[in-house]
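A short worksheet on the structure shown next.
Just so it is clear, the values below take in all heavy atoms, side chains as well, and ignore hydrogens, waters and symmetry mates. The structure presented is a predicted model; accordingly, all values stated were derived computationally and were not measured.
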Amino acid sequence: MNLFSIISFVVVLLLIYLYAFYRTRSIDNKDSEGYFLGGRSLVGTTVGMTIIMTNLSTEQLVGQNGQAYVAGMEVMAWEVTASVAIVMLAWVFLPKYFKYGVNTISDFIEIRYDTFTKRIVSVLFIFTYVISFMPVVLYSGALIFNDLFGIEQHLGVSRITAVIIISTVIGLVGVTYLFVGGLSLIAHSDSLYGIGLFLGGMTITILGFIALGENSFFTGLDRFLTNSPEKLNAWGALDSPIVPWPTLFLGMLFNNLYFWCTNQMIVQKALAAKNLKEAQKGAMFVGFFKISGMFFLVIPGVIAYNMFGEGIQMDLAYPSLLAEVLPDWATGLFGAVIFGAIISSFVGALSATVTLFSLDFYKPVINKQATNRQIAKAGRVLTIVIGVIVVLIAPLISLFPQGLYAVIQEFNGLYSMPLLAIILVGFYSKKTSATGAKVTLIFHIVVYALSKVVIPDIHYLYVWSVLFLLDLAILYFYSVKNPSQEGFQFDKYQNKVDITPWKHVRWVGILILLIVVASYVVFSPLVLAR
């Protein structure tokens, strides 16, 4: 980075912070609802942007484009098919969560089943976020930031030292963000970072087409469409190591439903909306955005394949394209967007972790008489403690990045499928008992762990496909053979905000689903992949 890049980088970060601080100045962050849920004040676009930025990170920007460099458009499944689950979030899950007035996913588990099951789920969430998700976001984000912008050369240090410095800085900035402004400050920052990431990512794609066409966008687009049609097939082979096509309707669908509809890190942002209507608007915004994600998270990888051919390392495909097409003067601006993407994912998980611990353990176990302000104060202390722990863990990933990263990618499978099954059955069955929920969790954890030993070569999406159906079967068995003595009624639980649904939620959701189907028709042997 030159001096202009450094200045523009700092100025963009500062301006975004000042904007977010200005927008959140009226929120009482000393109150638990203000700190953890932004005072339930967010509008649809802000909800959508903060969900997007919690989900997106440099790991996806580089990793998915790297997979697309190798496998082509089948990688778009991680983006496009997510929109199906997001429509379900708006149609089914959010109305239920808002009706029952829950603050966390584990709140719902406690109301529907019992406190012990709730705490099992909370511990699994917290463990995953602290031990795996946040350290990987910091470390891999710092690694990619260093590769993209050559920080080690500018600082004159080794690569690992540069990565440790970057991950520490990002972690401390993220902790400060959450400590100072709570969820609301994060959400309003994300609204600008999301715009920057979309515009920046799309710009790289356009510049890539221009470079591929030797200064002609349309020539580059023509070469993209004709040079390697096999890369334009979104339907992966049965034995594809990326996304086998049958899993689009099974394991991938189930995984998306878990991540977008029952993951505290995502759902917490929707629960911070001022009412159900704004939450549903935000969800639909995310649905459209995820479809557009293929244009900057997948297509650049195929462009890189057409530009450089085979032979470069997968994770270097996007950095190589960036070095080829990004003007020097724009390095600082794009660097600020990348920095923001890493912070957003880190702080999103940190906020979810602090919220779960404060509301599920501090209030009911450690300090039962705590007021809302005491809970918020404890949350601030936890923000610092957990943030420091994660910053210390992150560099340790460098000792064994390959093995640990592979394990982390599949770690959520330990509890994601039974959690989804428990919540879905909890919505619609009045007789399923807490015993059935516990047995389902234990069964799934044991069998999934055994599957990694007994059938390690079977794609984990296939394994999830079978286990989710077995989880449902166990819950159904307990509903019939060992039902709850009293039919459960949710009616006695009161909503906390207006739960009038958005009047356009049905037709907008149908439009999103039609676009998903159209995308898979276009990127198939029927059209582009001939």
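Residues that satisfy the side chain to side chain donor-acceptor pair (under 3.5 Å) test with Y362, not counting sequence neighbours, are N367. Under the side-chain contact (heavy atoms from CB on, under 4.5 Å) criterion, T161 pairs with V157, S158, I165, not counting sequence neighbours. Residues passing the side chain to side chain donor-acceptor pair (under 3.5 Å) test with T128 are Y415, sequence neighbours excluded. Every side chain to side chain donor-acceptor pair (under 3.5 Å) that D360 has, sequence neighbours left out, goes to S106, K118, S122. E152 is linked by a side chain to side chain donor-acceptor pair (under 3.5 Å) to N146, counting only residues two or more places apart in sequence or in another chain.
Q264 and T355 share no side-chain donor-acceptor pair at under 3.5 Å.
Ring geometry for W507 versus H504: interplanar angle over 60°, hence perpendicular rather than tilted (30 to 60°).
Once rounded to the nearest 0.5 Å, the distance linking NE2 of H188 with CG of L42 reads 5.5 Å. Between the CD1 atom in I160 and the OH atom in Y139 there is a gap of 4.5 Å [rounded to 0.5 Å].
Side-chain atoms of Y97 come within 3.5 Å of backbone N or O of C261 as a donor-acceptor pair.
The list of side-chain hydrogen bond (donor to acceptor under 3.5 Å, both in side chains) pairs with a residue in residues 197-207, not counting sequence neighbours, is empty.
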| task | Could you walk me through whether I170 and F145 pass side chain to side chain contact (heavy atoms under 4.5 Å, CB included), step by step? | result | CA-CA 11 Å; I170 294 171; F145 191 87; 5.5 Å; no
| request: Could you check V137 against I342 for side chain to side chain contact (heavy atoms under 4.5 Å, CB included), going step by step and ending with a plain yes or no? | output: CA-CA 7 Å; V137 166; I342 303 169; 4.2 Å; yes
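Under the 4.5 Å side-chain criterion, counting only non-hydrogen atoms from C-beta, I109 is in contact with I423.
For the side chain to side chain contact (heavy atoms under 4.5 Å, CB included) test with V87, the passing option among I512, I510, V505 is I512; the others fail.
Residue F259 places its CZ atom among more than 12 non-hydrogen atoms of other residues, nucleotides or ligands, all under 6.0 Å distant. Within 6.0 Å of the NZ atom in K281, the count of heavy atoms belonging to other residues, nucleotides or ligands exceeds 12. For K274, the NZ atom counts as loosely surrounded, since its 6.0 Å shell holds 12 or fewer non-hydrogen atoms of other residues, nucleotides or ligands.
Remark: aromatic rings of F427 and F108 are close, center separation under 6.0 Å. Here F339 and Y193 keep their ring centres 6.0 angstrom or further from each other.
When all heavy atoms of A279 and A270 are compared, the pair lying nearest together is CB-O, 3.7 Å. The shortest heavy-atom contact between A77 and M252 is CB-CE, 4.1 Å.
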